[in-house]
Amino acid sequence: MAELLAPAGNVEALDAAIGEGADAVYMGLKSFNARLRSSNFAWNQFEAAVQAVHRLGKKIFVTVNTVVEERETERLYRFLAYLDSVKPDGLIVQDFGIVRMVQEFFPRLRLHASTQMNIASARAVNLMSREGIKRVVLARELGLEEIRSIRAGTSAELEVFVHGALCVSESGLCLFSSYLGGKSANRGMCTQACRRFYTAESAGGAVQGYYFSPCDLQLIDRIPDLITAGVDSFKIEGRMKSAEYVGSVTAAYRYVIDHWQEDKKGAVAAAKRMLSTDFARSKTRYWYDFNPEQPETVAGAVLNPEQAGGTGIYLGVLDRIRTEKNSTGGEDHTVRMATLSGGSYDPDEGDSIRLHRKDDTGRESHKVHLVEERDSVRWIDIPAGFSQGDPVYLLQTKSMSKRYRRVLPDNLSRFRRQPGAQQLPVLDLTPVAKDELSFFPEGLYVQVSTTGDLFTVQSESPVRVILELNRETTADLLEKKTVLPFSKKQVFLSLDPFCPAGSEVQLEQVIEQLVADGFRCWVVNNPAHIGMLKNKPVSVIAGPYLYTFNRWAVSWLENQNIGAFIMPYENSRRNLEATFETPYRQRVLVPVFAYPALFRMRFTLPESYDFSMFSDKEGVVFKALSTPDGSFVMPEDPFSIVDKVSFLKSAGFTRYLIDFSKTHVQKKHFRQIMTALLRRQVLPGTTRFNWKDGFYAPEKMEEYRNARDREPGSSSGAPAAQSRRPDDARTSGRKPAQPAGIRRHGVRGRGK
């Protein structure tokens, strides 16, 4: 029977999931997981949970599903050693570096590929299966027939999301939150830019809405089909949701799984009644009701611009607010009380609500503890940080709550395991062999999305050009036989990072034809591409979406016979240098200019989205592009470090990329970029993305604030510096000191 997998973002949710019949739970600890804003589990709680859940005959999986910077790899190694000693049933991972490290040191750990790994085809599943991955959590942008085709093409375990919040962007490919402030979705810091309120410039003037806030997934009536399709595990999203939510959703899916064979219609109807208290956003079956060949039909069932970014039943806005003293347990506390206006339900004590700041800068869930009636007006307690006019939503009522038997023992004192102080052996990447990179010369590379743009960029004589392989360029190359202004030796063909089952066979045929036609240089962005090009007479570069944020990920790709790499757009200078020491920097192509796609959506945007430009509440402008190959949101201000080319060259990075993907190349604009590059000048109207400051790191900001507080003349309440992530608050990427008498080398590239 298929497994029912429920989220456990905290101890209470664990109790609810197990109490309602989940076969397995997944949870995160305090680091390396993609829901860092959830409560997560302390070391002793997790160790106790593993033992308790196993005694109940259930399974427990741990999310280690973020990308890891080089400076964090030793901490990761210690964390994996800890998990190896506690023995959960599986680790859900995104970073290829974690796969490589587990292969080398912890072969007993069972690995599951996270949905963030963006696996959507049998080719990709089988490649990861050969690398020791036991289960794949498929990308959410797949239809039922595509899942059936993947099942027919692989023996690996398959897991699919069946309920909960959706990402508007294709799995693992969202850069929006990272672009806005370094809070990367690939690092568990997503600020949900898709849920925000935007102003768009349409033909009729300015219009506003939640243009990229998707509905929530609900596949309760597709469970029988997915069971017969051979799915091994059904996953409920919600590690940041309440125990009440986890309990009610788990109960509904448990009922259908157990009863659909005896009464399919009745079981689904009963389960839907159980889900009637799920006060989240409106529901969608996403791709399960649509033909992947008709992406224009999907968006209307997924996006609703009128739907607020928040979840729950609208209760109105905060009206009057007062602050008072309240005594509990003999201690005085300051309590903020408020009234609501504009809604149709008055919250009771024990209800769970969510408050949103009206300027969309923050949200917080809150359980109501105090209710007062004054002059026929109801006052409820609210958390700090909210003010008059902020909207409030109902998540769960007290009547929906249910007491569950506690899973963890009352006394956790005997659970004392924690990560130790082990030293990670230094990994040496593969030395560059003579003539190995002859296909990858030093100099300037330019990437474009149309064959016409190749003619525009040829004037600057780049050493190589990268042509995006899309519907238009495929037709130009194979049907129209367009004569290009560069030789085939000078052209790299770049494959789209999303490779779904619906187009897998067709893409393989296209690749076969193009290789036979003489195109021998390729950029791969998905594990499926590696499998498709295996054993072909080609040279391959790992694209920016095969994330190489640490040398262990680089080593894993080296084991796939890939020896050249395009730096991920989110990367920083410090991490790039730490990952690739000087002898290996000739393997790297560094983007110095790009309009990075912030959202990549499989569907085309609705016809009602008759705009190309939109802005957020702070006036930052973005571009929306809808094509037959999908839709994209891009920044108006491009990423640029063209003025840093001299520094890059002196540091040993001698290959540079100007990326015009999804952008029509204009001669004047291209000439401005080249002039700035040659003169080492800053391009106006551009951003550094994460190049200078790196990823947002709360612990580093805390260290920085503490350091400031210790400075003479500083006060404990001094605000943080204006720089969001100052360089002097960062941890060095250098190797740990080598203990006397211990040779820490011994792990080399191209080995398992």
Ring centres under 6.0 angstrom apart (Phe614, Tyr211): no
Go through the structure and list residues passing side-chain hydrogen bond (donor to acceptor under 3.5 Å, both in side chains) with Asn571, not counting sequence neighbours. Asn575
Closest non-hydrogen atoms of Gln45 and Leu412, given as atom of the first, atom of the second and distance, are CG-CD1, 3.9 Å
Ser282 (side chain) donor-acceptor with Cys215 (main chain) under 3.5 angstrom: no
For Thr284 and Leu217, indicate whether the former's side chain and the latter's backbone hold a donor-acceptor pair under 3.5 Å. no
To the nearest 0.5 Å, atom CE of Met634 lies from atom OG of Ser612 at 12.0 Å
Taking atom types as modelled, find out whether Ser626 and Thr604 have a side-chain donor-acceptor pair closer than 3.5 angstrom. no
State which residues pass side-chain hydrogen bond (donor to acceptor under 3.5 Å, both in side chains) with Glu373; sequence neighbours excluded, sorted by chain then number. Arg378
State plainly whether the residues Lys272 and Asp221 are in salt-bridge range, i.e. N to O under 4.0 Å. yes
Please step through side chain to side chain donor-acceptor pair (under 3.5 Å) for the pair Ser178 and Asn186, ending with a clear verdict. CA-CA 9 Å; Ser178 189; Asn186 287 313; over 6 Å; no
If you look at every heavy atom in Val207 and Ser202, which pair is closest and at what distance? CG1-OG, 3.8 Å
Please tell me if the side chains of Val249 and Lys241 come closer than 4.5 Å, counting only heavy atoms from C-beta onward. no
Answer whether the closest heavy-atom distance between the side chains of Arg140 and Cys167 falls below 4.5 Å. yes
Any carboxylate oxygen within less than 4.0 angstrom of a Lys/Arg side-chain nitrogen, looking at Glu72 and Arg187? yes
Using atom types as modelled and distance alone, determine if a side-chain donor or acceptor of Asn118 lies under 3.5 Å from a backbone N or O of Gly172. no
Any side-chain heavy atom of Val392 within less than 4.5 Å of one from Val317? no
Atom of Phe161, atom of Leu219 and distance for their closest heavy-atom approach: O-CD1, 3.7 Å
So which heavy atom on Ala17 is nearest to which on Ala6, and how close? CB-CB, 3.7 Å
Nearest heavy-atom pair of Arg239 and Met27: which atoms, and what distance? CD-CA, 4.1 Å
Value for CG (Leu408) from CZ (Phe415), rounded to nearest 0.5 Å, stands at 8.5 Å
Less than 3.5 Å apart, any donor N or O on the side chain of Glu20 or Tyr404 sitting next to an acceptor on the other? yes
Interatomic distance, Ile380 atom CD1 to Arg336 atom CZ [nearest 0.5 angstrom]: 12.0 Å
Would you sort out whether Leu605 and Phe603 count as a side chain to side chain contact (heavy atoms under 4.5 Å, CB included), showing the intermediate values? CA-CA 6 Å; Leu605 294 174; Phe603 49 79; 4.3 Å; yes
Pick one: which of Glu349, Glu12, Glu244 meets salt bridge (charged side-chain N to carboxylate O under 4.0 Å, His left out) with Lys367? Glu244
Rounded to the nearest 0.5 Å, the OH atom of Tyr26 sits from the CD1 atom of Ile60 at a distance of 13.0 Å
Between Tyr179 and Thr687, is any pair of side-chain heavy atoms under 4.5 Å apart? yes
Exercise: identify the closest heavy-atom pair between Val168 and Cys194: CG1-CB, 3.6 Å
Return yes if some donor-acceptor pair links the side-chain N/O of Glu237 with the main-chain N/O of Leu166 below 3.5 Å, else return no. no
Evaluate the side chain to side chain contact (heavy atoms under 4.5 Å, CB included) criterion for residues Glu570 and Phe695: first the C-alpha distance (whole Å), next the side-chain angles of each, then the deciding distance (0.1 Å), finally the verdict. CA-CA 8 Å; Glu570 293 183 273; Phe695 290 122; 3.5 Å; yes
Stepwise side chain to side chain donor-acceptor pair (under 3.5 Å) test for Thr199 and Ser615: CA-CA 5 Å; Thr199 300; Ser615 60; 4.8 Å; no
Any donor-acceptor pair under 3.5 Å linking the side chain of His366 with the backbone of Asp381? yes
Rounded to the nearest 0.5 angstrom, the CZ-OG distance for Arg688 and Ser572 is 13.5 Å
Is it the case that Arg281 and Ser213 place a side-chain donor and acceptor less than 3.5 Å from each other? no
With the side chain counted from C-beta on, respond yes when Tyr253 and Phe234 share a heavy-atom pair under 4.5 Å apart, and no when they do not. no
Please assess Asp95 against Thr66 for the test side chain to side chain contact (heavy atoms under 4.5 Å, CB included), listing each intermediate value before the final yes or no. CA-CA 6 Å; Asp95 197 312; Thr66 64; over 6 Å; no
Residues forming a ring pair (Phe, Tyr, Trp, His ring centres under 6.0 Å) with Tyr345, sequence neighbours excluded: none
Using the six-membered ring wherever Trp is involved, compare the ring planes of Phe599 and Phe176 and label them parallel, tilted or perpendicular (cut-offs 30° and 60°). tilted
Would you find a donor on one side and an acceptor on the other, under 3.5 Å apart, between the side chain of Asp390 and the backbone of Lys358? yes
Are Arg600 and Tyr545 in a cation-pi setup, meaning NZ or CZ lies under 6.0 angstrom from the ring centre and within 45 degrees of the ring axis? yes
To the nearest 0.5 Å, how far apart are CG in Leu315 and CG in Leu394? 5.0 Å
Are the side chain of Asp319 and the backbone N or O of Thr339 linked by a donor-acceptor pair below 3.5 Å? no
Are the side chains of Phe61 and Val64 in contact, using a 4.5 Å heavy-atom criterion? no
Once you measure the plane-to-plane angle for Tyr609 and Phe611, does it fall in the parallel (<30°), tilted (30-60°) or perpendicular (>60°) bin? parallel
Does any part of the side chain of Val11, heavy atoms only, come nearer than 4.5 Å to the side chain of Arg406, both counted from C-beta? yes
Would Arg195 pass as a cation-pi partner of Tyr210, given that its NZ or CZ must be under 6.0 Å from the six-membered ring centre and within 45 degrees of the axis? no
Taking the side chain as every heavy atom from C-beta outward, state whether Pro305 and Tyr198 have any atom pair closer than 4.5 Å. no
From CA spacing to verdict: side chain to side chain contact (heavy atoms under 4.5 Å, CB included), Val371, Asp346: CA-CA 10 Å; Val371 175; Asp346 292 323; over 6 Å; no
